[in-house]
Number of protein chains: 2
Amino acid sequence: MRQASIESKSDRIARVLEAEIRMGALRDGDPLSSEAALVERFNVSRSTVRKGLGLLAAKGLILTRVGIGSFVTYRGTQIDSQAGWSLSLPDGDARLGMRILRIVRAPMDLCAPGPEGEMLHVDRIRFLEATGLGLTFERARLPWRGSFEPLLDGLEGGSLSQSLASRGISAASGEEWAGVLPALSTEDAQAMGRTPGEPMLRLRRLTRDAGGAVIEYVESLLDPGQFGLHMEF
Amino acid sequence: MRQASIESKSDRIARVLEAEIRMGALRDGDPLSSEAALVERFNVSRSTVRKGLGLLAAKGLILTRVGIGSFVTYRGTQIDSQAGWSLSLPDGDARLGMRILRIVRAPMDLCAPGPEGEMLHVDRIRFLEATGLGLTFERARLPWRGSFEPLLDGLEGGSLSQSLASRGISAASGEEWAGVLPALSTEDAQAMGRTPGEPMLRLRRLTRDAGGAVIEYVESLLDPGQFGLHMEF
DNA sequence: GAGACAGACCTGTCTGAACCTGTCTAGCAT
DNA sequence: ATGCTAGACAGGTTCAGACAGGTCTGTCTC
């Protein structure tokens with residue numbers, strides 16, 4: 001068999017699976033085939049399959065658990081990652097843009113159950129490209145680590161989860177709160193291109209690593225007409 | 001049945017039961033179903049059930065005695081009888097009253113993903129006894145069964161979950177959606193003793209039995225100042 | 001009425017198997 | 001050196017079944 005391009009087999013496996021995920025053939029939370037099944041399907045060795053899965057895991061697209069298998073953790077718009085609630089975006093065709101308001105190192109400024117001290121602040125807004133209407137406003141706060149220094153100039157691939165994954169930081173547990181913000185503040189409304197006083201869906205999320213140390217605290221405001229929470233049990 | 005999340009089966013059992021305990025469907029001192037019954041309900045092996053119960057015991061939520069069974073040892077605020085998300089009520093001391101608006105047999109009237117045909121309708125409002133302010137408005141719809149006939153004259157113990165439990169009906173899986181209702185309608189506002197136009201937290205839940213048949217569909221409107229959703233993972 | 005007993009039902013514990021990922025080693029090909 | 005293969009082993013998860021022993025209740029006996 002001829003290897004037509006410089007793409008390695010493991011790269012190809014990762015690319016094919018990533019395409020299936022992004023196309024929607026594999027949805028958020030769906031289990032991937034087992035490694036043994038992927039060995040059959042792609043006709044490669046298990047090491048190669050694992051290498052491909054490792055690439056997807058580093059991108060934050062899948063999550064693997066011993067004895068169970070690998071699962072899709074991609075949420076389409078990549079609003080959030082890992083376990084927890086699914087954010088469902090009804091209008092799947094809408095093109096979303098992202099604007100980073102600021103990436104700075106500063107003391108904690110939000111009222112959160114846990115983290116204090118010096119943090120990495122990442123404030124982002126996602127908006128409808130067609131109209132410029134802001135759909136989400138995320139404020140992420142991460143306890144400062146030296147390895148975050150390069151991020152002050154930009155996130156890897158524009159993704160915070162990818163930046164964390166490439167540093168070997170992954171969440172082992174966490175908590176999530178959801179509620180209603182009765183009225184959008186004037187400043188936030190201006191930043192999002194919305195009208196003040198609108199009710200918004202408010203999501204707060206705290207993730208911890210295996211040792212229980214806080215990885216990230218995120219407060220998100222979401223357009224209630226576009227976003228809902230979904231959970232299966 | 002597809003494994004919808006990245007958690008193991010034993011984790012899911014522990015989570016579902018914990019939710020039922022924390023919401024008050026299972027009260028302090030209540031016996032859990034026997035392990036054999038849980039095997040039936042969740043359609044898993046006894047080992048898996050026992051593993052899940054072990055997790056709850058480790059958390060101190062239940063206590064298991066040889067030859068007798070497992071018992072709830074958690075004394076929590078009893079607010080709602082719903083599996084899935086935790087509903088947290090900040091002010092635990094507030095006394096809540098419940099008013100049943102109607103219990104009737106009628107065709108399905110809500111737009112829900114699944115159930116149709118003849119249903120048992122149960123509409124309830126929970127309110128602050130002190131002020132009479134309505135905090136929750138629940139519309140439950142259950143596919144009609146002959147054994148529901150007596151319920152038209154009143155729920156057993158005023159509790160829908162108790163009425164179902166005594167008929168051997170228990171949820172094995174389900175889905176839940178949460179979102180924001182931007183403005184309370186005039187009729188609902190009047191029923192709840194609130195002002196029209198208020199934003200509310202909107203919860204919809206669909207539960208199924210082990211065979212996949214719909215047990216219950218519930219739409220709830222919740223006071224966003226009093227209720228939030230919480231989840232650990 | 002008191003006590004003994006059987007049977008139903010419960011949890012505790014164990015086994016063997018199937019299937020899953022994590023990790024390692026040795027070897028082949030380019 | 002890198003990519004890949006093939007295999008082995010460890011350990012996590014789940015299943016199906018079996019057996020022991022605790023608890024409860026109804027029944028029989030005295």
Side-chain angles (χ1 to χ4, degrees), chain A residues 1-17 26 29-58 60-73 82-83 165 168 170 172-173 209-210, chain B residues 1-17 26 29-58 60-73 165 168 170 172-173 210 233:
Chain A
M1 191 197 306
R2 172 180 66 171
Q3 189 80 19
S5 68
I6 52 175
E7 182 181 55
S8 70
K9 293 189 182 181
S10 50
D11 284 341
R12 179 174 154 264
I13 292 171
R15 184 173 51 76
V16 170
L17 291 177
L26 293 167
D30 278 357
L32 268 70
S33 311
S34 73
E35 294 176 2
L38 292 174
V39 164
E40 291 261 327
R41 171 176 166 191
F42 290 105
N43 202 21
V44 295
S45 73
R46 191 166 154 236
S47 313
T48 307
V49 166
R50 284 183 58 77
K51 203 164 182 180
L53 293 179
L55 294 173
L56 294 179
L61 287 166
I62 66 170
L63 200 135
T64 302
R65 286 194 55 181
V66 182
I68 307 180
S70 295
F71 298 85
V72 176
T73 57
Q82 316 298 348
S170 63
S173 66
D209 63 19
Chain B
M1 191 200 309
R2 92 171 204 217
Q3 178 86 13
S5 69
I6 62 174
E7 69 187 346
S8 64
K9 296 188 183 182
S10 46
D11 285 342
R12 184 176 80 95
I13 290 171
R15 186 169 52 74
V16 170
L17 291 178
L26 267 36
D30 278 358
L32 268 70
S33 310
S34 73
E35 296 176 1
L38 292 174
V39 165
E40 289 267 323
R41 170 175 170 191
F42 289 105
N43 203 19
V44 297
S45 73
R46 188 160 159 243
S47 316
T48 307
V49 165
R50 284 183 58 77
K51 200 165 182 179
L53 293 180
L55 294 173
L56 293 179
L61 266 60
I62 66 170
L63 200 132
T64 302
R65 287 179 51 189
V66 182
I68 307 181
S70 297
F71 297 86
V72 176
T73 56
S170 61
S173 65
F233 56 92

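Atoms considered below: every heavy atom in the structure, side chains included; atoms not considered: hydrogens, waters and symmetry mates. Convention: sequence-line order gives letters A, B, ...; per-chain numbering from 1.
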Those residues at least two apart in sequence (or on a different chain) that pass side chain to side chain contact (heavy atoms under 4.5 Å, CB included) with B/Val66 are none

Under 3.5 Å: donor-acceptor pair, side chain of A/Thr64, backbone of A/Gly69: no

Strand DNA chain C as a dot-bracket string - pairs counted if Watson-Crick or G-U with both distances under 3.5 Å, | where the partner lies in another strand: ||||||||||||||||||||||||||||||

Residues at least two apart in sequence or cross-chain that pass side-chain hydrogen bond (donor to acceptor under 3.5 Å, both in side chains) with A/Ser34, listed by chain then number, are none

Pairs meeting criterion salt bridge (charged side-chain N to carboxylate O under 4.0 Å, His left out) with involvement of residues 49-58 of chain A, two or more places apart: A/Glu35-A/Arg50

Under-4.0 Å side-chain N/O to phosphate OP1/OP2 contact, A/Lys9 with D/dT5: yes

Taken to the nearest whole Å, CG/A/Asp11 to P/D/dT2 is 15 Å

How close or far is atom P of D/dA16 from atom NZ of B/Lys51, stated in whole angstroms? 16 Å

Tell me: CZ of A/Phe42 to C1' of D/dC4, nearest whole Å? 16 Å

Taking CZ from B/Phe71 and C1' from D/dG22, how many angstroms apart are they, rounded to a whole number? 13 Å

Rounded to the Å, how far apart are B/Glu40 CD and C/dC10 C1'? 16 Å

Suppose we screen for side-chain hydrogen bond (donor to acceptor under 3.5 Å, both in side chains). Which residues come up paired with B/Arg65, at least two apart in sequence or across chains? none

Please check the phosphate of D/dT14 (OP1 and OP2 only) for any side-chain N or O of B/Ser10 closer than 4.0 Å. yes

Could you report the tightest heavy-atom contact between B/Val39 and B/Arg46, atom names first, then the distance? CG2-CA, 3.5 Å

Rounded to whole Å, how long is the line connecting atom CG of B/Leu63 with atom C1' of C/dC10? 15 Å

Strictly under 4.0 angstrom, non-hydrogen atoms only: write out the protein contact profile of nucleotides 14-30 of chain C, one letter per nucleotide from the 5' end, B, S or -. ------BBBB-------

The criterion is side chain to side chain contact (heavy atoms under 4.5 Å, CB included); which residues satisfy it with A/Leu38, sequence neighbours excluded? A/Leu17, A/Ser33, A/Arg41, A/Phe42, A/Val49, A/Leu53

Which heavy atom in A/Ala14 sits nearest to a heavy atom in A/Gly52, and how many Å separate them? CB-O, 3.7 Å

Listed partners of A/Thr48 passing side-chain hydrogen bond (donor to acceptor under 3.5 Å, both in side chains), at least two apart: A/Ser45

